[in-house]
Each structure stands twice: as structure tokens, then as C-alpha cells.
Amino acid sequence: MQISMQAKEANSVLEKDCPSIYSLLSEAGRKAFFPKSGILAQTAEAKGSRYNATIGIALDDSGDPLSLDCLVKNSGFDAKDTVLYSPSYGQKALRKKWLDRIKEKNPSLGSKTTLPVVTNAITHGLSIAGRMLVDDGGKMILPDMFWGNYNLVFQHAEFDTFEAFSGGKFNVDGLREKLGQNPGKQVILLNFPNNPTGYSATVDDVDGILSAIEESAEKGNKIAVLCDDAYFGLFFEDDVFKESVFSKLAGLHENVLAVKLDGLTKEMYAWGLRVGFMTFGYKGLTGPAATVLEDKVSGMVRGSVSNVCTHSQSLALKALDDPALPDQEKMNYGILRSRYSEVRKVLSDRRYSERFEPLPFNSGYFMCIRLKTADAESVRKKLLEDYSTGLIATGDLLRIAFSSISKDKLRDLFDNIFKACNG
Ligand SMILES: Cc1ncc(COP(=O)(O)O)c(C=O)c1O
């Protein structure tokens with residue numbers, strides 16, 4: 001399809017205000033726009049008119065949603081906050097509230113950002129970011145331990161991976177080397193806390209990551225960094241950087257565009273509500289350029305899921321406004337942290353080191369072990385058949401979601417792994 005007039009106009013704003021961002025867009029990103037003429041514009045113009053027959057919803061004789069009480073009465077909300085459409089951008093109050101939360105939890109975030117656009121949880125945001133920034137066959141640079149679903153989400157891209165760890169820390173040199181090998185446009189994907197390893201960058205790691213990216217930007221490369229912050233906040237060690245790297249990347253350099261993908265999924269323990277956010281941070285972001293980015297993302301939301309569930313967004317906003325939220329989050333965090341500490345304690349059992357070793361971990365839901373004497377897939381099957389224990393095998397690793405096992409069962413679980421490794 002040809003590029004539309006509206007997309008051309010939007011692109012010219014980016015070219016003028018933030019040429020680095022413009023040069024990072026894929027063809028799909030350049031074509032993306034939010035349709036401000038046509039049905040939406042005509043509907044907006046008709047708002048408040050006596051006979052408004054523009055909207056694709058049904059209203060009762062008094063102008064309220066023609067809803068079904070069996071849905072609305074169980075929703076906990078008025079009909080309009082449950083069954084009506086939300087904007088493709090997401091509900092404005094929710095977007096503002098989420099930005100406040102990002103700022104509060106990332107005090108280093110000095111530079112300008114867009115307002116978050118609501119996505120159908122984080123996977124959807126990742127998919128939009130991938131389409132907007134990476135052309136078919138285009139490269140994405142990321143550590144070699146990543147969430148398996150990236151293979152589906154970024155199917156159109158080519159992964160250029162580097163070893164995730166070096167000397168028990170994030171492999172900054174691996175990242176630097178990849179950046180050196182791929183001059184021009186560079187798209188990096190970072191995920192802290194990481195799935196599957198449960199590793200988050202330490203303060204030192206972050207310094208290294210920032211200097212590697214800054215060096216590359218100084219050479220004139222244009223860099224987009226996607227920050228998959230799905231497990232944000234679940235940091236369990238003192239030396240871990242307690243903010244998103246987004247907060248530092250957003251103001252790093254005129255050649256660096258930071259994209260934050262986050263949401264309620266794990267951060268607010270609401271996996272099935274499907275509320276995520278996509279936020280851009282950029283050193284030289286102007287108001288008009290921010291609007292263009294929000295428009296493009298919202299156009300892609302409209303072209304994929306149309307808009308995100310109103311009921312979920314209403315619920316999210318209500319929870320974010322609830323003064324009990326911080327305490328409740330702290331309580332769940334405490335539970336996960338105590339499981340993390342228990343895993344650390346259990347792993348100090350010397351016997352285990354004959355059969356497996358943990359990969360670096362300090363955060364999130366998971367940790368991985370590398371088996372020394374047995375094949376991971378055979379051990380996984382044996383665990384399931386003989387010990388009623390389910391884990392994920394990836395390559396020579398077993399991934400353990402300690403997030404879903406009560407603290408008192410963790411020792412037993414690792415004992416089962418040990419026994420299964422013994423044959
Ligand atoms: C690293 C990572 N990113 C994103 C997601 C997806 O989150 P959502 O359920 O919000 O799409 C997950 C879920 O497992 C994940 O592990």
C-alpha cells in the first residue's frame with residue numbers, strides 16, 4: 001500500500017524535529033498514522049449533536065449504552081466504563097496515571113517522554129514496536145537468553161545475539177561488539193528482570209550498557225532500544241539497578257530512542273487483564289514529535305486490536321487510584337522475595353553442585369540451572385513422570401518459576417531435580 005497523505009505529514013514533523021527518530025522507523029513505521037479524517041473525525045464533529053447517528057454502538061432511548069444488565073451488574077462499573085469503546089490511544093486518565101507511576105519509580109528519568117499508549121498487554125506493545133522499527137529481515141541485537149515468544153513476536157526480524165553473561169555479569173563487551181559489527185541503524189532489545197534467567201542489570205552493568213550505547217551513538221549510529229520491563233520492580237539484591245534502563249536511555253543521546261514496554265501483567269499481578277503501555281523517551285523530543293509517535297502507535301493499535309478492553313482499563317485506573325495499592329504490591333513483592341531468598345538458601349546445598357549450577361539471577365520470577373551430567377529434556381520428562389514436578393527445558397538449561405511455588409516446597413523441588421539428575 002502507498003503511504004498516505006496523513007502519514008507523509010506526520011513523517012515530515014519527525015524529519016524536521018527529530019530526524020534520528022525518523023531514520024529509525026521501518027517502512028511500516030513510516031506508513032503508520034492515526035486516521036484523523038474519515039469516520040473518527042466525522043464522529044468527533046458530530047459529538048453533542050441532537051441526532052448523532054455516527055457511532056457504531058447502540059444507545060437506549062435516553063442516550064445511555066443499550067447494554068445487558070447481566071454484564072453490567074457484575075462488572076462493578078457503570079455501563080459506560082465497561083461496555084463502551086475506549087480510544088485506540090487508551091483512556092487518557094489511565095495514560096497520565098501510568099506516566100506518573102513511571103516517573104515516580106524511575107527518578108532518574110529526566111528527559112521528555114510521550115504519554116504511554118495503551119496496548120493489549122506487553123506482547124502487543126512489543127509486536128508494535130517491532131513492526132514500527134524493524135523492517136523484514138532487519139536485525140535486532142539481544143542477549144542469547146530471551147523469552148521464547150520473541151521468536152513469534154519478532155518473526156520478521158533477524159536476531160543477532162551475544163552471550164548473555166560474562167564472568168557472572170551482563171556481557172557488556174558482547175553488546176559492544178555487536179554494536180561495532182552493525183554500523184548504521186541498530187535496534188537493541190533489553191529485558192530486565194530477564195525471562196528466563198531472572199537476571200537484572202546491576203548498577204555497574206547499567207553503566208557499561210550506557211557507555212557501550214553512547215559510544216555507538218557518538219559514531220553516528222542511530223539506535224533504538226526496546227526495554228521489555230514486564231517484571232519491573234521485582235529486584236531482590238542490593239546491587240541491582242532499581243529503575244528501568246529506560247530512565248537513563250531516554251536522555252542519553254540525540255541518536256538514541258528508548259522505548260518502554262510495560263504493563264499490569266506482572267507488575268500489578270494482573271496477567272489476564274491485558275493492559276500494557278508503550279512509551280517513548282528521547283533527548284530532543286518535541287511536543288509535535290511526541291504526538292506523531294503516539295499517533296503512529298495508536299494507528300497500529302487500531303489496525304490490530306482496534307482498542308483495548310474498556311473494563312480492564314477502568315479496573316486498572318481504579319487500582320492505580322487506590323491508596324491501598326502500594327501496600328498490597330509490597331506484600332506480594334515480599335512473598336516473591338522470600339521465595340527468591342529460599343532458592344538461594346536451598347542452592348547452598350553442596351550436593352547440588354555435582355549435578356547442576358545456577359546461572360546468575362537476582363530478580364523476577366525465574367532462575368535457570370545448567371545441568372552438568374544429564375540432558376535437560378530427559379530430566380524434565382523424568383521430573384514430570386517420576387516426581388510430579390514440571391519445569392521448562394531450554395537447550396541445556398532448566399527454568400524454574402519460583403514465583404509459582406510456595407516457599408516451603410522449594411527445597412523439595414530442588415531435591416527432586418537432584419534425584420532426577422541422578423538417573
Ligand atoms: C519477558 C516477557 N515480556 C513480555 C511478556 C508478556 O507479557 P504480557 O502477558 O503482558 O503480554 C512476558 C510474559 O511471560 C515476558 O516473560
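Numbering of ligands and ligand atoms starts at 1, following listing order.
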Query raised in the report: Do the two ring centres, one from Phe232 and one from Phe192, sit under 6.0 Å apart?
Result: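 Centroid distance Phe232-Phe192: not below 6.0 Å, so no.
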
Requested in this report: Give a yes or no on whether the ring-centroid distance for Phe366 and Tyr231 is below 6.0 angstrom.
Outcome: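 So the answer is yes for these two rings.
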
Can you pull out the closest protein heavy atom to [atom]? Residue, atom name and distance to 0.1 Å, please.
atom	answer
atom 14 (O) of ligand 1	Lys266 NZ, 3.0 Å
atom 16 (O) of ligand 1	Tyr231 OH, 2.6 Å
atom 7 (O) of ligand 1	Ile122 CB, 3.7 Å
atom 10 (O) of ligand 1	Thr265 OG1, 2.5 Å
atom 4 (C) of ligand 1	Trp147 CZ3, 3.3 Å

Using a strict cut-off of 4.0 Å, indicate which atoms of ligand 1 neighbour a heavy atom of [X].
X	answer
Ala230	2 (C), 3 (N), 4 (C)
Thr123	6 (C), 7 (O), 8 (P), 11 (O)
Asn191	1 (C)
Arg274	8 (P), 9 (O), 10 (O), 11 (O)
Ala121	8 (P), 10 (O), 11 (O)

Is a donor from one side chain sitting under 3.5 angstrom from an acceptor on the other, for [X] and [Y]?
X	Y	result
Tyr352	Asp415	yes
Ser406	Asp408	yes
Ser244	Asn106	no

Report task. Hey, can you tell me if Tyr89 and Phe34 have their rings parallel, tilted or perpendicular (30° and 60° cut-offs)? Result ->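 Because their plane-to-plane angle lies in the 30° to 60° range, the rings of Tyr89 and Phe34 count as tilted.
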
Query raised in the report: Is any side-chain heavy atom of Asp321 closer than 4.5 Å to a side-chain heavy atom of Lys97?
Result: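 Yes, side chains in contact.
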
Report task. For atom 2 (C) of ligand 1, state which one of Asp229, Asn120, Asp228, Val153 supplies the nearest heavy atom. Result ->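 The residue whose heavy atom sits nearest atom 2 (C) of ligand 1 is Asp228.
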
Query - Trp271, portion touching ligand 1 at heavy-atom distance under 4.0 Å - result: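 It is neither part, as no heavy atom is under 4.0 Å.
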
Query raised in the report: What part of Asn195 sits under 4.0 Å from ligand 1 if we count only heavy atoms: the side chain, the backbone, both or neither?
Result: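 Side chain only.
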
Requested in this report: Mind checking ring pair (Phe, Tyr, Trp, His ring centres under 6.0 Å) for Phe280 and listing every partner two or more places apart, or none if nothing turns up?
Outcome: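 By the ring pair (Phe, Tyr, Trp, His ring centres under 6.0 Å) rule, Phe280 matches no residue at all.
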
Query raised in the report: Mind checking what makes salt bridge (charged side-chain N to carboxylate O under 4.0 Å, His left out) contact with Arg95, not counting sequence neighbours?
Result: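 Listed in chain order: Glu294.
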
Query - Nitrogen or oxygen of Phe366 less than 3.5 angstrom from that of ligand 1 - result: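 Between Phe366 and ligand 1, no N or O pair is found under 3.5 Å apart.
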
